[in-house]
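Because the structure is predicted, anything quoted here is derived from the model rather than measured. Every chain is numbered from 1, with letters handed out A, B, ... down the list of sequences.
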There are 2 protein chains.
Amino acid sequence: MKTPLRIVIIEDDEIISMGYQTLLSEVDDFSVVNVFSSFDLARKQLEIDAPDVILLDIEMPGTNGLQALPIIKKALPNTHIIILTVFDSPELVFEALTMGAAGYLTKNSNVAKIIEAIREVGTGGGAMSTNVARIVMHSFQKNLDSPLTKRETEILTKIANGQTKAQIAAELFIDPETVRSHVKNIYIKLDVNSKSEAIKTAKAKRFI
Amino acid sequence: MKTPLRIVIIEDDEIISMGYQTLLSEVDDFSVVNVFSSFDLARKQLEIDAPDVILLDIEMPGTNGLQALPIIKKALPNTHIIILTVFDSPELVFEALTMGAAGYLTKNSNVAKIIEAIREVGTGGGAMSTNVARIVMHSFQKNLDSPLTKRETEILTKIANGQTKAQIAAELFIDPETVRSHVKNIYIKLDVNSKSEAIKTAKAKRFI
DNA sequence: CGAGAATCACCCAAAACGGGTGATTTTTTA
DNA sequence: TAAAAAATCACCCGTTTTGGGTGATTCTCG
C-alpha cells in the first residue's frame, strides 16, 4: 500500500478549515495530519508534521500566508504549498508564485479541483484555478500592434537586459553605430529620450 | 436559447481532428463550424466562419500554429485561440502565450478538460493543462537563497529596468553615493564588474 | 517600383560608470 | 546585550557610454 499524502491546513476560518479537513480526509490516499488557525501556531509543529502539501490561507492573524511562504520553503524545502484564498489580485498571485507557491486556488474552486491540485503539486506539478490562469496568461501577452520593427524590438529587449550598445552590436554582428541608429529611431517612435524611459514605456505598452 | 459557441479546429492529423470534431459536436452549446488540416487552407475562410474559439495545432504543413497566432489575432481580435499540441517545451509555451494564446493544452488532456478550457476561454478566461501550469509557475519562482540583501535586490531590479543611479537614488530617497555603494557590493557578491553582467548573472540565478 | 527597414559614419558635450578607500549609523540576530 | 550585517554617505580618479544632429547606402517586401 502506498504511503498517503500528508496534508496540513493553515486557515483561520474554522468553518472552512473544518470543511476542507472533512472532505480531504475522505480521500483514500490523503492524510490530513494537522490543522492550524494561524501560521504562528503552526510554525514549530510543521517540521514534526513534515507534510507533503500545505494548504495555506493568505489572510490570517499574525504572520500572513505570503510572509509565511519563504519561511516554510526554507524550513521544509520538499513541502509543496498551495495558496487557498478568496483574493486573486495580480499582485498577490505574482507575489505568491515568485515566493515559491506550487499552486494558487481561489476558494470558489470545487472540491474535485482542490483534490486534483493537491495530487498535482504532490508530484512536483503546478496548479491554479482558471481565474488565476487568466491573470498569469495576461501577464505574458505582448502588444501585437507595436510601432517597433523586429530589429528595434530585438535591440530594445537586449537594452532592457542591461547590455551595452557595444555588446549588442557584437551579438548581432552589426556595427555599434547601427545599434545607435536603431536606438535613436526607437526613441523617436516611443517619444522618449533615454534608455530608462524607453524601457519603461515599452514595458508599460507591452512592446517588449 | 443561447447562441452556441462557434468552434473551428485547425489540425493536420485527420484522426485526431475527426475525434475532436465528433466529441465537441456532442456538447449542447458547442458548434464546430469548420475543420481545416492547415492554417493556409483556413486563412481565407476564417473571417467568414467567425469562430469564438479556435483549437490550433502547432506542428502543421505550411504556416505553423505559432506563426499563425499573430495573423489570426490581427484578423479576428475577438476570437480566442487554444493551442492544442503534443509539445510542451517552455520555449513553445512562452512563445504561444506572448503571441496571445488564451489557452495551451497538451494532447494528453482528457475531453472534459478540453471542454472546460473552451468554455473558459470563451468567456475571456485562461486555460492550461497541469504540465503547462508547472512550466509557467516555475518561470516565476525566485531563488530564495540569494546572497543579495533586500535593498541590493531592490536596487538591482531597478537597474535591470534601465534606471540610472540618480533616478534610483531619487526614488529611494537616498544619496546617489549610497546607491553606488550598494552596486559595488552587488558586484562583489555576484563576482562581476559591470551592470550587464550583474543583471545577467542575477537573472540566470533568479535573484531578481 | 517604392517605402520602410537595416545598415554604417562622423561630430560633439554631458552624463554615467567602475574602482578605490574609508566612515557612520541602523538593524538584525545569535 | 554584544557582535555582525546592512544601510547610509563622501571624495578621489580616468574611461566609457549616452543622447543629439545629420546624412548616406543597401536590402527587402508588398
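- B:D175 places its CG atom 5 Å from the P atom of D:dA10, with the value rounded to the nearest Å.
- The A:H182 side chain lies nearest to C:dA6 when the options are D:dC9, C:dC8, C:dA6.
- Between the CD1 atom of A:I186 and the P atom of C:dA5 there is a distance of 12 Å, rounded to whole Å.
- For A:K189, counting side-chain heavy atoms from C-beta on, the closest listed nucleotide (C:dT7, C:dA5, D:dC9) is C:dA5.
- Remark: B:T178 is in phosphate contact with D:dC9, judged by side-chain N or O atoms under 4.0 Å from OP1 or OP2.
- For the 3.5 Å distance criterion, the side chains of A:T63 and A:D40 qualify, holding a donor opposite an acceptor.
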Legend entry - Sugar-phosphate or base contact per nucleotide [nucleotides 11-30 of chain C; S, B, -; heavy atom under 4.0 Å]: ------SBBBB---------
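- Rounded to whole Å, the distance from CG on B:L172 to P on D:dA6 is 18 Å.
- Distances shorter than 4.0 Å separate some side-chain N or O of B:R151 from OP1 or OP2 on D:dT8.
- Among residues two or more places apart in sequence or in another chain, the side-chain contact (heavy atoms from CB on, under 4.5 Å) test is passed with B:R43 by B:F39, B:I71.
- Partners of B:T79 according to the side-chain hydrogen bond (donor to acceptor under 3.5 Å, both in side chains) rule, which considers only residues two or more places apart in sequence or in another chain, do not exist here.
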Inset, instruction - Any chance you could lay out the side-chain contact (heavy atoms from CB on, under 4.5 Å) test for A:I48 and A:L46, step after step, and finish with the verdict? - result: CA-CA 5 Å; A:I48 299 164; A:L46 272 184; over 6 Å; no
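- Axis angle, first five pairs versus last five pairs of the helix from C:dC1-D:dG30 to C:dA30-D:dT1: 90°, rounded to 10°.
- Listed pair A:T149 / C:dG4 fails the phosphate criterion, with no side-chain N or O lying under 4.0 Å from OP1 or OP2.
- Of the residues in residues 197-208 of chain B, none lies under 4.0 Å from DNA chain C by heavy-atom distance.
- Taking the six-membered ring for Trp and thresholds of 30 and 60 degrees, B:F94 and A:F140 have nearly parallel ring planes, at less than 30 degrees apart.
- With sequence neighbours excluded, no residue forms a salt bridge (Lys or Arg N to Asp or Glu O under 4.0 Å) with B:E95.
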Legend entry - Step-by-step side-chain contact (heavy atoms from CB on, under 4.5 Å) determination, B:Q167 to A:S196: CA-CA 9 Å; B:Q167 291 174 317; A:S196 60; 3.2 Å; yes
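- With 3.5 Å as the limit, one finds no donor-acceptor pair spanning the side chains of A:T98 and B:Q141.
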